[in-house]
**Student:** 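Here it is: the structure, laid out below.
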Amino acid sequence: MMKLSHILVMLLWVGAPAIAQQLKAHTSFKPGQIWTDTDGKHINAHGGGVLYHKGRYYWFGEHKVGGRDGNKAMVGVSCYSSADLYNWKNEGIALPVAAENSGADIEKGAVIERPKVIYNKKTKQFVMWFHLELKGQGYNAARTAVAVSDKVTGPYTYLRSLRPHPGVWPQNATNSHKTEPIAVADKDPEWEQKVAAGAFLQRDFEGGQMSRDMTLFVDEDGTAYHIASSEENRTLHISKLTDDYLEFTDEYVRVFPGGRNEAPAIFKKNGNYYMITSGLTGWAPNAARSAVSDNMMAGWKELGNPVRGTEGQKSTTFESQSTFILPVQGKKDMFIFMADRWRPENPIDGRYIWLPLQFEDGKPVLGWQEEWTLNSGDKKRGKSPNSSE
Ligand code: DGJ
């Protein structure tokens, strides 16, 4: 009989090349493929956002598990770090869920989506906001929540969740919003029009506005904005945060009323703000939209679907949904479009679609790349994704 120790040595010897192969450093992006971290495991940071701090990128995202309950927060918000954007080290759970049945907002089994972290230069704190749905309430709570840490990788201390702007009208509310209540019933044939006209803005005036898919954006002057799908996902609300980034100010605007925009992602280039969003179809992918304004709080103009490619790619955004737009450090005007290819039946298997954002006639555009590097981006930047060059 072979000794157990001999068997172990043999197994290690046979398995070693496979492990070495798996842990080989990545030198390119391969959108949609399994993306292993430096431990060889598929990165688990869905609906994510990236913060650059002191020479490293930090990727925060939803930690998902397998199977049906996998879209619920069973563990918390994960954090990975990288110096080169290809190779990511698992930094652990930045914000852990609270104990099951503790009654805490972020108890195990709640829904925590699209976490984004920003750094406040004045307070020297890292501030995380995320979409929160309370346990057992489906998507009815529609809250945003905030946590804070002195250390980028956490642990983050949970502060509170809220519905923004109770008792406050948006800056672009009209007189009729304030004085003429719009009644809307569940099966109202004019439901969409009435909601676009502000029926839910009025309904939620006292208690605070709904807040689901969200992102954050910090401007060059340090002002931070919270951008979220509100009014039953029909209208975006853009809100200014307070100087410490921990609260909402009373300044907010409605953008694209009735436009059904989800998954907002924002970047700034040459003084213009650009936004990419998705439409509203649950976990199923749909066609992306883009918009521009030279003022975060006014004047947003639609630019259409940014995707260039086949009809299938255009109608599904390469089978994905936007989550963040990442400015690449040291590369002027290079931005990476980050999106999720959701796998709702087995969420842990969700894939990441990272593509270089290019510009065509002043509009952001996206083309498919099977594999690419930050340097291949150099050649193509500013060119149409379909250009033959
Ligand atoms: C689409 C959103 O963008 C996701 O973040 C998630 O909330 C799903 N809907 C849930 O159906």
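Counting starts at 1 for both ligands and their atoms, in listed order.
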**Student:** Work out whether the distance between some heavy atom of G282 and some atom of ligand 1 is less than 4.0 Å.
**Tutor:**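 Yes, G282 has heavy atoms under 4.0 Å from ligand 1.
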**Student:** Please state whether the rings of W169 and F205 are parallel, tilted or perpendicular, taking 30° and 60° as the class boundaries.
**Tutor:**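 Answer is parallel, since the angle falls under 30°.
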**Student:** Would you check whether R114 has a nitrogen or oxygen atom less than 3.5 angstrom from a nitrogen or oxygen atom of ligand 1?
**Tutor:**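 Yes, R114 has an N/O under 3.5 Å of an N/O on ligand 1.
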**Student:** First locate atom CG of N90, then atom OG1 of T36, and finally report the distance between them rounded to the nearest 0.5 Å.
**Tutor:**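 One gets 12.0 Å once the value is rounded to the nearest 0.5 Å.
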**Student:** Who's the nearest protein heavy-atom neighbour of atom 7 (O) of ligand 1, and how far?
**Tutor:**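 Nearest neighbour among protein heavy atoms for atom 7 (O) of ligand 1, to 0.1 Å: E113 OE1, 2.6 Å.
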**Student:** How far is atom 3 (O) of ligand 1 from its nearest protein heavy atom, and which residue and atom name does that atom have?
**Tutor:**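 Looking only at protein heavy atoms, the one closest to atom 3 (O) of ligand 1 is D213 OD2, 2.4 Å.
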**Student:** Check Q321 against ligand 1 and report side chain, backbone, both or neither, counting heavy atoms closer than 4.0 Å.
**Tutor:**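 Answer for Q321: side chain.
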**Student:** In this structure, which one of F29, Y86, W59 forms a ring pair (Phe, Tyr, Trp, His ring centres under 6.0 Å) with Y352?
**Tutor:**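 That would be W59; it is the only one of F29, Y86, W59 passing the ring pair (Phe, Tyr, Trp, His ring centres under 6.0 Å) with Y352.
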**Student:** To the nearest 0.5 Å, what is the distance between CG (D340) and CZ (R351)?
**Tutor:**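 If I round to the nearest 0.5 Å, the distance is 12.5 Å.
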**Student:** Pull out every atom of ligand 1 sitting under 4.0 Å from any heavy atom of Y139, numbered as shown with elements.
**Tutor:**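 Answer, ordered by atom number: 7 (O), 10 (C).
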**Student:** Going by side chain to side chain contact (heavy atoms under 4.5 Å, CB included), name the residues that satisfy it together with R203, two or more places apart in sequence or in a different chain.
**Tutor:**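 Partners of R203 by the side chain to side chain contact (heavy atoms under 4.5 Å, CB included) criterion, ordered by chain and then number, come out as F200, M210, E232.
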